[in-house]
Colleague: 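The structure under discussion is supplied below as structure tokens; questions concerning it will follow.
Numbers here simply count residues along the sequence, with the first being 1.
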Amino acid sequence: DIDQAVTVITRLQRELTKRYFLHDNRGLLITFSAGVTGCTPGETQPAVTARADGLLYQAKRAGKNRVIAASPDLTDAAALAAAMPAAAAA
């Protein structure tokens with residue numbers, strides 16, 4: 001279920017932001033944004049991936065370190081197209 005997936009991704013995100021990683025003796029803070037979606041019976045993997053990608057771009061536009069989950073209407077092709085950035089939709 002999407003709520004459980006969001007919980008897991010958010011927990012991972014929080015754990016990563018608590019830690020510092022070293023690169024060239026410099027501390028790095030890791031942040032990431034994510035798009036979380038489910039799939040419907042018969043839906044293709046490319047369609048699910050495209051929806052998750054569109055949600056990822058929404059999360060990035062909303063700011064760093066965000067998790068955005070699909071709403072039920074994002075299985076609709078028109079809603080998906082609106083969620084995707086113009087470059088990805090072309």
Colleague: With a 3.5 Å distance limit and no angle check, can you tell me whether Arg51 reaches the backbone of Gly38 through a side-chain donor-acceptor pair?
Modeller: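 Checked: pair present.
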
Colleague: Between the main-chain N or O of Arg66 and the side-chain N or O of Ser33, is there a donor-acceptor pair closer than 3.5 Å?
Modeller: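 Yes, because the side chain of Ser33 sits within donor-acceptor range (under 3.5 Å) of the backbone of Arg66.
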
Colleague: Are any of the side-chain heavy atoms of Thr17 and Thr31 separated by less than 4.5 Å?
Modeller: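 Yes - at least one pair of side-chain heavy atoms lies under 4.5 Å apart.
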
Colleague: Of Val67, Ile30, Val8, which meets side-chain contact (heavy atoms from CB on, under 4.5 Å) against Gln13?
Modeller: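 For Gln13, the side-chain contact (heavy atoms from CB on, under 4.5 Å) check succeeds only for Val67.
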
Colleague: Would a hydrophobic clustering, with Ile, Leu, Val, Met, Phe, Trp and Tyr connected at side-chain separations under 4.5 Å, put Ile9 with Leu29?
Modeller: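 Shared cluster, no.
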
Colleague: Is Tyr20 atom OH crowded by more than 12 heavy atoms from other residues, nucleotides or ligands, each under 6.0 Å away?
Modeller: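 Atom OH in Tyr20 is not crowded, with 12 or fewer foreign heavy atoms closer than 6.0 Å.
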
Colleague: Please answer: with hydrophobic residues joined when any side-chain heavy atoms are less than 4.5 Å apart, are Leu22 and Leu16 in the same cluster?
Modeller: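 Per the 4.5 Å side-chain linkage, Leu22 and Leu16 are not co-clustered.
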
Colleague: For Val36 and Leu55: C-alpha separation, side-chain torsions, deciding distance, then whether side chain to side chain contact (heavy atoms under 4.5 Å, CB included) applies.
Modeller: CA-CA 7 Å; Val36 179; Leu55 292 163; 5.9 Å; no

Colleague: Salt bridge check: are Glu15 and Arg11 linked by an N-O gap of less than 4.0 Å?
Modeller: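 Here Glu15 does not pair with Arg11 in a salt bridge, since their nearest N and O are not under 4.0 Å apart.
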
Colleague: Working to the nearest 0.5 angstrom, can you tell me the gap between Thr37 OG1 and Ile68 CD1?
Modeller: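 Thr37 atom OG1 to Ile68 atom CD1 measures 12.5 Å (nearest 0.5 Å).
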
Colleague: Quick one: pull up CG in Leu56 and OG1 in Thr49 and give me the separation to the nearest 0.5 Å.
Modeller: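 Those atoms lie 12.0 Å apart.
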
